[in-house]
Colleague: 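Got a structure here, written out as structure tokens. Questions coming.
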Amino acid sequence: MAERPEDLNLPNAVITRIIKEALPDGVNISKEARSAISRAASVFVLYATSCANNFAMKGKRKTLNASDVLSAMEEMEFQRFVTPLKEALEEQKKKDKDKKTDSEEPDEQDEDNDEDEERLEEEEQNEEEEVDN
């Protein structure tokens, strides 16, 4: 388990892409600034994971789920990111469901879709219960 930011190195290409998307065109960033942002992102990931893990442990679970991360964001006082994160998660669920539906054969689809729907409903109920707690 990574306990120090130095133990977690996010890929430079990912950090660079995120930085470029966040900055207006024509703005450059020094290598040192990119390194500082990378280290800050590592610290954030470690802290968010630790907070989310605390919520999973309270629920006597070993698996972190989306509701743990959302609760962690609120605890970390990043409430303004909770709604966009929820929207992104819903969008991802739809994409995953569409992708899975497109790749399956018709006979298998009906059974798998029923199972997926039941699993999604169960996950949503668990998330709602955990948020209420």
Side-chain angles (χ1 to χ4, degrees):
M1 182 173 93
E3 294 182 8
R4 302 173 303 160
E6 299 83 36
D7 295 340
L8 177 66
N9 295 316
L10 299 172
N12 287 332
V14 173
I15 297 297
T16 301
R17 181 174 40 89
I18 293 170
I19 291 170
K20 284 183 178 181
E21 288 174 6
L23 293 174
D25 289 337
V27 176
N28 295 319
I29 184 164
S30 71
K31 186 176 179 180
E32 294 82 15
R34 189 171 39 246
S35 177
I37 290 171
S38 179
R39 288 181 187 264
S42 297
V43 170
F44 178 81
V45 169
L46 289 170
Y47 183 51
T49 303
S50 177
C51 288
N53 187 50
N54 289 340
F55 283 100
M57 287 179 10
K58 286 177 188 174
K60 297 182 178 162
R61 293 178 284 104
K62 290 185 178 183
T63 303
L64 302 181
N65 59 38
S67 66
D68 298 324
V69 176
L70 293 168
S71 298
M73 295 296 281
E74 288 179 3
E75 182 175 287
M76 294 164 42
E77 299 184 9
F78 281 94
Q79 292 90 344
R80 76 180 247 207
F81 297 108
V82 171
T83 300
L85 181 54
K86 283 180 181 178
E87 291 169 359
L89 289 169
E90 287 299 318
E91 186 177 314
Q92 187 63 46
K93 279 184 186 179
K94 289 177 186 175
K95 284 182 183 177
D96 290 346
K97 188 174 183 179
D98 291 344
K99 186 183 274 187
K100 188 171 185 175
T101 301
D102 291 344
S103 67
E104 294 177 344
E105 293 184 22
D107 293 343
E108 296 175 6
Q109 268 183 341
D110 293 336
E111 287 180 24
D112 290 342
N113 284 343
D114 291 342
E115 291 173 10
D116 288 343
E117 287 176 16
E118 289 174 15
R119 183 180 50 80
L120 288 173
E121 287 175 12
E122 186 177 318
E123 286 177 7
E124 288 173 2
Q125 287 175 345
N126 289 341
E127 289 175 7
E128 289 173 5
E129 290 173 6
E130 290 170 13
V131 170
D132 290 341
N133 292 337

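Below, all heavy atoms of this structure are taken into account, side chains as well, without hydrogens, waters or symmetry copies. Being a predicted model, the structure only gives us computed values, none of them experimental.
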Colleague: Between T16 and N12 (side chain of the first, backbone of the second, donor and acceptor by atom type, cut-off under 3.5 Å), is there such a pair?
Modeller: yes

Colleague: Checking S38 side chain against R34 main chain: does a donor-acceptor pair fall under 3.5 Å?
Modeller: no

Colleague: Do F44 and L85 land in one hydrophobic cluster if side-chain heavy atoms of ILVMFWY residues count as linked below 4.5 Å?
Modeller: yes

Colleague: Starting at OG of S42, measure out to CG of L46 and round the result to the nearest 0.5 Å.
Modeller: 6.5 Å

Colleague: Let me check something: do V14 and I19 share a hydrophobic cluster, defined by ILVMFWY side-chain heavy atoms less than 4.5 Å apart, either directly or through other members?
Modeller: no

Colleague: More than 12 heavy atoms of other residues, nucleotides or ligands under 6.0 Å from CD of E21: yes or no?
Modeller: yes

Colleague: Among residues at least two apart in sequence or on other chains, which ones pass ring pair (Phe, Tyr, Trp, His ring centres under 6.0 Å) with Y47?
Modeller: none

Colleague: Is the shortest side-chain N to carboxylate O distance from E90 to K86 below 4.0 Å?
Modeller: no

Colleague: In terms of hydrophobic clusters joined by side-chain contacts under 4.5 Å, are M76 and L89 together?
Modeller: yes

Colleague: I'd like to check the side-chain hydrogen bond (donor to acceptor under 3.5 Å, both in side chains) partners of D96; sequence neighbours left out, ordered by chain and number.
Modeller: Q92

Colleague: Are I15 and L23 linked, directly or through intermediate hydrophobic residues, by side-chain heavy-atom contacts shorter than 4.5 Å (ILVMFWY only)?
Modeller: yes

Colleague: Can you tell me if S71 uses its side chain to pair, donor with acceptor, with the backbone of S67 under 3.5 Å?
Modeller: yes

Colleague: Answer yes if L64 and M57 sit in the same cluster of Ile, Leu, Val, Met, Phe, Trp and Tyr residues linked by side chain heavy atoms under 4.5 Å apart, and no otherwise.
Modeller: no

Colleague: Would you name the heavy atoms of Q79 and E74 that are closest together and state the gap between them?
Modeller: NE2-O, 3.5 Å

Colleague: To the nearest 0.5 Å, how far apart are CD1 in I37 and CG in L10?
Modeller: 12.0 Å

Colleague: Could you grab the distance from atom CD1 of I29 to atom CD of E32, nearest 0.5 Å is fine?
Modeller: 10.0 Å

Colleague: Between C51 and A72, what is the shortest heavy-atom contact and its length?
Modeller: CB-CB, 3.6 Å

Colleague: Tell me which one of K58, M73, R61 satisfies side chain to side chain contact (heavy atoms under 4.5 Å, CB included) with D68.
Modeller: R61

